[in-house]
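Remember, predicted model here, so these are calculated numbers, not experimental data.
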Amino acid sequence: MSSPTPDALLGPADVRELAAALGVRPTKQRGQNFVIDANTVRRIVRTAEVRPDDVVVEVGPGLGSLTLALLEVAERVTAVEIDDVLAAALPSTVAARMPGRAERFALVHSDAMRVAELPGPAPTALVANLPYNVAVPVLLHMLDTFPSIERTLVMVQSEVADRLAAAPGSRVYGVPSVKANWYADVKRAGAIGRTVFWPAPNVDSGLVSLVRRAEPVRTSASKAEVFAVVDAAFAQRRKTLRAALAGWAGSAAAAEAALVAAGVSPQARGEALTVEEFARIAEHRTAGSRATEDREAGNGTPDNEEQDQQ
């Protein structure tokens, strides 16, 4: 067992001693794997390009390994923790190991998926070791709820990192890729080995960098409308978009009309499209869907095409 780090950060022995004192055992249910290597958390902070004026929000701080590294650099750190025991202990850990910066730390004891506001100034950066089982929904929720977040760096399962950063045409390009790109420019930012965690996971981890788009996707469609197209397209990813979007549009014919109007081949598949193309499709749903909704409301007679929904 390695000796504790000589500074304020947590080393392997520190993490195990803290966990033992709290009676904490990492649980698979919450995807908990605690980082035990000080060099790794400092690397994450450097890769995230955390600045002295940043207000950082961290999700799932655990015992505080990354929290302390963030506090070394950032103006303020707010950690969101769902676990009762960990949430109760973290402020004491920060106060004991970094007393000079403890006033710059705040804890929100909550499920990150339910967080709608944070104390203090608006966050400018999100840096987190996200639990593998909820990584994508938490990431998207935070980006959507806090538009002030300009830069994000998350550590996730390597496979999830690949999906988030995938480009159109990639075999792993899918719903997470498109939705993340709605908010930000996304790229892989490095790999993390298994040995820096306790317990060591059965999978490798990867870093993903997301930089908020300077301008939002230009579209008259709402985010919900665009995401509905994305969900429909990948729910049946082996099908052509004409078939996959039939249920979304009201019929295969209405889907084809929307696709043609958007300049997208009805024979294409979802994995070939950019977020901008999905937005254009969403913009052209209106005519076909309204006609279908009118018929369903009794203003017309549905034809056979409407009966063949996916």
Side-chain angles (χ1 to χ4, degrees), residues 10 15-16 18-19 22-37 40-41 43-45 47-48 56-70 77-90 93 107-116 118 123 125-146 149 152-165 172 174-177 179-180 183-184 186 188-210:
L10 300 176
V15 170
R16 289 183 172 86
L18 265 175
L22 297 172
V24 168
R25 292 291 301 177
T27 68
K28 289 185 178 180
Q29 180 183 3
R30 289 184 174 165
Q32 292 172 328
N33 298 91
F34 300 134
V35 181
I36 58 174
D37 180 63
T40 296
V41 291
R43 174 191 164 195
I44 291 171
V45 173
T47 305
V56 180
V57 57
E58 180 190 6
V59 175
L63 293 168
S65 298
L66 179 56
T67 310
L68 293 167
L70 288 167
V77 176
T78 299
V80 180
E81 177 59 63
I82 189 173
D83 186 283
D84 295 342
V85 174
L86 295 175
L90 188 53
T93 300
L107 180 98
V108 175
H109 182 194
S110 177
D111 180 346
M113 288 296 294
R114 298 183 178 181
V115 170
L118 295 169
L126 166 64
V127 184
N129 170 22
L130 291 178
Y132 291 162
N133 52 348
V134 294
V136 172
V138 166
L139 172 63
L140 297 178
H141 172 75
M142 296 298 289
L143 290 174
D144 190 60
T145 305
F146 302 102
I149 293 174
T152 295
L153 187 81
V154 292
M155 179 160 57
V156 294
Q157 183 176 337
S158 187
E159 181 182 347
V160 174
D162 289 339
R163 290 176 181 172
L164 284 168
V172 296
V175 171
S177 324
K179 291 184 177 180
Y183 299 102
V186 190
R188 280 290 299 255
I192 301 291
R194 306 179 188 190
T195 59
V196 302
F197 296 98
W198 174 70
N202 296 323
V203 294
D204 294 323
S205 299
L207 299 176
V208 181
S209 167
L210 301 97

Approximate separation, where rounding is to 0.5 Å, of Thr67 OG1 and Leu90 CG = 5.0 Å
message = Under the rule for side-chain hydrogen bond (donor to acceptor under 3.5 Å, both in side chains), what residues qualify as partners of Ser209, not counting sequence neighbours?
response = none
key: Closest approach of Ile192 to Arg43 (non-hydrogen atoms, all atoms of both residues)   = CD1-NH1, 3.3 Å
message = Ser65: which residues meet the side-chain hydrogen bond (donor to acceptor under 3.5 Å, both in side chains) condition with it, sequence neighbours left out?
response = none
With sequence neighbours excluded, residues passing salt bridge (Lys or Arg N to Asp or Glu O under 4.0 Å) with Arg194 = Asp204
inquiry  = Run the side-chain hydrogen bond (donor to acceptor under 3.5 Å, both in side chains) test against Ser177 and tell me which residues pass, sequence neighbours left out.
reply    = none
task = Supply the atom-to-atom distance Glu81 CD to Leu63 CG, rounded to the nearest 0.5 angstrom.
result = 9.0 Å
task = Taking the side chain as every heavy atom from C-beta outward, state whether Leu164 and Leu139 have any pair of such atoms under 4.5 Å apart.
result = yes
remark   = In terms of heavy-atom contacts, Leu107 and Ala87 come closest through CD2-O, 3.1 Å
inquiry  = Please report the interatomic distance CD(Glu58) to CG(Leu70), rounded to the nearest 0.5 Å.
reply    = 5.5 Å
ask   = For Asp111, which residues count as a salt bridge (Lys or Arg N to Asp or Glu O under 4.0 Å) partner, sequence neighbours excluded?
value = none
request  = Kindly give the heavy-atom pair with the smallest separation between His109 and Ile82, and that separation in Å.
outcome  = NE2-O, 3.4 Å
request  = State, yes or no, whether a side-chain contact exists between Phe34 and Val24 at a heavy-atom distance under 4.5 Å.
outcome  = yes
query = Which pair of heavy atoms, one from Ala48 and one from Val127, lies closest together, and at what distance?
reply = CB-CG2, 3.9 Å
task = Please report the shortest heavy-atom distance between Leu10 and Gly64, naming the atom on each side.
result = CD1-C, 3.9 Å
query = side chain to side chain contact (heavy atoms under 4.5 Å, CB included) with Pro123: which residues, sequence neighbours excluded?
reply = Val57, Leu118, Phe146, Ser148, Ile149
task = Apply salt bridge (Lys or Arg N to Asp or Glu O under 4.0 Å) to Asp162 and list each qualifying residue two or more places apart in sequence or on a separate chain.
result = Arg188
task = Supply the atom-to-atom distance Leu153 CG to Asn129 CG, rounded to the nearest 0.5 angstrom.
result = 10.5 Å
query = Sequence neighbours excluded, which residues qualify as side chain to side chain contact (heavy atoms under 4.5 Å, CB included) partners of Ala69?
reply = Leu9, Val41, Val45
message = Do Phe197 and Val35 have side chains that approach each other closer than 4.5 Å (heavy atoms only, starting at C-beta)?
response = yes
message = Contact between Val108 and Thr78 at the side-chain level, heavy atoms closer than 4.5 Å - yes or no?
response = yes
ask   = Can you tell me how far OG1 of Thr195 sits from CD1 of Ile36, rounded to the nearest 0.5 angstrom?
value = 7.5 Å
query = Any idea which heavy atoms bring Val156 and Ala135 closest together, and the distance?
reply = CG1-CB, 3.7 Å
inquiry  = Are the side chains of Met155 and Leu66 in contact, using a 4.5 Å heavy-atom criterion?
reply    = no
query = How long is the span from the CG atom in Asp83 to the CG atom in Leu22, to the nearest 0.5 Å?
reply = 9.5 Å
key: Any pair counted as salt bridge (charged side-chain N to carboxylate O under 4.0 Å, His left out), so long as it reaches residues 127-145, sequence neighbours left out   = Asp144-Lys223
